[in-house]
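Taking it in order: structure first as structure tokens, then the write-up.
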Number of protein chains: 2
Amino acid sequence: MATGRTHRPATRSRGIPEATVARLPLYLRALTALSERSVPTVSSEELAAAAGVNSAKLRKDFSYLGSYGTRGVGYDVEYLVYQISRELGLTQDWPVVIVGIGNLGAALANYGGFASRGFRVAALIDADPAMAGKPVAGIPVQHSDDLEKIIQDNGVSIGVIATPAGAAQQVCDRLVAAGVTSILNFAPTVLSVPDGVDVRKVDLSIELQILAFHEQRKAGEEAAASDGGVPAAAARSDSADQGPDGDMPAVMPA
Amino acid sequence: MATGRTHRPATRSRGIPEATVARLPLYLRALTALSERSVPTVSSEELAAAAGVNSAKLRKDFSYLGSYGTRGVGYDVEYLVYQISRELGLTQDWPVVIVGIGNLGAALANYGGFASRGFRVAALIDADPAMAGKPVAGIPVQHSDDLEKIIQDNGVSIGVIATPAGAAQQVCDRLVAAGVTSILNFAPTVLSVPDGVDVRKVDLSIELQILAFHEQRKAGEEAAASDGGVPAAAARSDSADQGPDGDMPAVMPA
DNA sequence: ATGTCTTTGTGAACGCGTGCACAAAGATGG
DNA sequence: CCATCTTTGTGCACGCGTTCACAAAGACAT
């Protein structure tokens, strides 16, 4: 296709900013969509729009990977898909275990985005003996007694924790002891892990609370704008200030 | 309880850094746990450890809210729980709708963290007529034809999208048109919304890909360390380089 | 009342990420 | 072969967030 594959071997590898790494999957998704529509090349402007970012940022991000792209033309879609996939490590197979097959764990097991892109659900693990053997998403659930063996037999290095908060740290410890070095945690707890183990956290409750903060701020500004006066102190008093101190539900498992 | 309630009315409200807002729910969770154990006060050091952050960061975060806390003693747990709750807008009730009651939507509906903390699932909405009326988590699913009416009748301002990617933008547009101004998006798509609408994105596939990147980097460093030589270029070649260009599964819905 | 000791609150320095704006690169047409 | 035009790649400046380090504040004992 296009032209000059400078093909710098990206000895750069280390030195890719974390913020850039976090955006690469976004670009990859947009590029994959283009690839499916057989679009041969794409400009930074177009791709940035598709990924919902600034075009300068996108170009800078790509510059960390190497000098792919052709001035005056843009980026070769297929080539870039491959380069990003390689950089993210998606050209190899990643066996994953999901621990905690409740509502969320089952949803994750069924989630299509897992199976694609090199992630393979190697096993589902739950502490409830009644679950053992029961198939979820076509995979039989195994009991957590066998956790260590499952990890080792399948060479698993990525674990997903979807247990209740109370069990999460214990599960985490066992995963790490068995050789897992990357953990995706859905339980609402702070996990402590030794150095060298990565933890990423997905917390539905926190996301909602952040939204609530901004929502409240919006409502406050509206109210302040309509009665003209004090910016936020007045606006916030709509439902809170009648209970001046500690009279709110202090008990909740979130 | 302790002592000096300076009680600055926090006219500060605007000017709380986004990064701080994102950590407030974390502090709140740690404080709630302490509150349940009837711990009266806590130092920034202890609380920071419980929340998994630096103590200086925590103190600076709290300083944006006002001057709660007593030097030489620490923070009054109950008081701080209330202040953070108020700041986050959790002292009021937030009705939420969940659109798309598949595996994930059902898991969200059942998730305990939603019900607590002022978030109330006002309705579950799905496009499948077969789902209509069927109860999930004790709430009957309603058909998406009635989406606008449901939003308006319940005064919903926060919507959760758990539909397939293809339907997400359309659902989003309808939510926004009906008055929703905050959206939590689980669909793997970039949503475009008008100004004034907040979108937060939770993307399981992206989190996994970020983990894979770091996992690969670890494996590469190990390999490079053991054979001594080229840092990353050699290490990466383990499974990728034999297919020099675009020979990988280019089709996938993630 | 005074001194000591603990812990907060914050000024200042630093580093990372973002966005602008432009020079260099290369394609394309004559 | 040269001119023009498009688009990349990046130097630079700016702003946000993090961390250090310390002075001020207050509790507590004597």
Side-chain angles (χ1 to χ4, degrees), chain A residues 1-8 10 12 14-24 26-27 31 34 39-77 79-80 83-84 87 210, chain B residues 1-8 10 12 14-24 26-27 31 34 39-77 79-80 83-84 87 210:
Chain A
M1 322 321 29
T3 45
R5 296 282 147 76
T6 321
H7 210 272
R8 183 194 308 179
R12 195 51 117 346
R14 235 172 319 274
I16 298 184
E18 194 53 37
T20 295
V21 173
R23 280 188 294 268
L24 289 180
L26 228 58
Y27 302 144
L31 284 165
L34 292 172
V39 177
T41 62
V42 66
S43 72
S44 64
E45 205 70 50
E46 294 167 316
L47 185 54
V53 302
N54 184 300
S55 73
K57 193 188 294 188
L58 178 142
R59 286 198 299 277
K60 181 149 292 200
D61 283 343
F62 286 174
S63 78
Y64 292 117
L65 306 184
S67 207
Y68 316 135
T70 306
R71 296 177 192 226
V73 174
Y75 299 92
D76 181 281
V77 171
Y79 187 61
L80 202 48
Q83 289 300 339
I84 296 179
E87 200 65 52
I210 295 172
Chain B
M1 340 193 120
T3 45
R5 293 285 147 75
T6 322
H7 211 271
R8 183 194 306 179
R12 194 53 114 346
R14 234 172 320 275
I16 298 185
E18 194 53 37
T20 295
V21 173
R23 280 188 295 267
L24 289 181
L26 228 57
Y27 302 145
L31 284 165
L34 291 172
V39 176
T41 61
V42 66
S43 71
S44 63
E45 204 70 50
E46 293 168 316
L47 185 54
V53 303
N54 184 300
S55 74
K57 194 188 293 189
L58 178 141
R59 285 199 300 276
K60 180 143 289 200
D61 282 342
F62 286 174
S63 78
Y64 292 116
L65 306 185
S67 206
Y68 315 133
T70 308
R71 296 173 192 229
V73 174
Y75 299 92
D76 182 279
V77 171
Y79 186 60
L80 202 47
Q83 289 300 338
I84 295 180
E87 199 64 53
I210 295 172

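Since we're looking at a predicted model, the values are computed, not measured.
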Nearest whole Å is fine: how far is [N] [atom2] from [X] [atom1]?
{"X": "B:Arg23", "N": "D:dC16", "atom1": "CZ", "atom2": "C1'", "value": "12 Å"}
{"X": "B:Asp61", "N": "D:dT19", "atom1": "CG", "atom2": "C1'", "value": "12 Å"}
{"X": "A:Arg59", "N": "D:dT6", "atom1": "CZ", "atom2": "C1'", "value": "12 Å"}
{"X": "A:Glu18", "N": "D:dG17", "atom1": "CD", "atom2": "P", "value": "17 Å"}
{"X": "A:Lys60", "N": "D:dC14", "atom1": "NZ", "atom2": "C1'", "value": "12 Å"}
{"X": "A:Leu58", "N": "C:dG17", "atom1": "CG", "atom2": "C1'", "value": "15 Å"}
{"X": "A:Phe62", "N": "C:dT18", "atom1": "CZ", "atom2": "P", "value": "14 Å"}
{"X": "A:Glu46", "N": "D:dT6", "atom1": "CD", "atom2": "C1'", "value": "12 Å"}

Within this structure, what is the [atom1]-[atom2] distance for the pair [X] and [Y], rounded to the nearest 0.5 Å?
{"X": "A:Glu46", "Y": "A:Leu34", "atom1": "CD", "atom2": "CG", "answer": "8.0 Å"}
{"X": "A:Leu58", "Y": "A:Ser55", "atom1": "CG", "atom2": "OG", "answer": "7.5 Å"}
{"X": "B:Tyr27", "Y": "B:Ile84", "atom1": "OH", "atom2": "CD1", "answer": "8.5 Å"}
{"X": "A:Arg59", "Y": "A:Ser43", "atom1": "CZ", "atom2": "OG", "answer": "9.0 Å"}

Given [N], is OP1 or OP2 found less than 4.0 Å from the side-chain N or O atoms of [X]?
{"X": "A:Asn54", "N": "C:dC20", "answer": "yes"}
{"X": "B:Ser44", "N": "C:dT8", "answer": "yes"}
{"X": "B:Tyr68", "N": "C:dT7", "answer": "no"}
{"X": "B:Ser67", "N": "C:dG9", "answer": "yes"}

Under-3.5 Å donor-acceptor pair between A:Arg71 side chain and D:dT8 base: yes
Donor-acceptor pair under 3.5 Å, B:Lys57 side chain vs D:dG17 base: no
Option among B:Leu26, B:Val39, B:Val77 that satisfies the side chain to side chain contact (heavy atoms under 4.5 Å, CB included) test with B:Leu31: B:Val77
Minimum-distance nucleotide (side-chain atoms of A:Tyr75 versus D:dT18, D:dG9, D:dG17): D:dG9
Among D:dA27, C:dT8, C:dA27, the one nearest A:Thr70 by side-chain distance: C:dA27
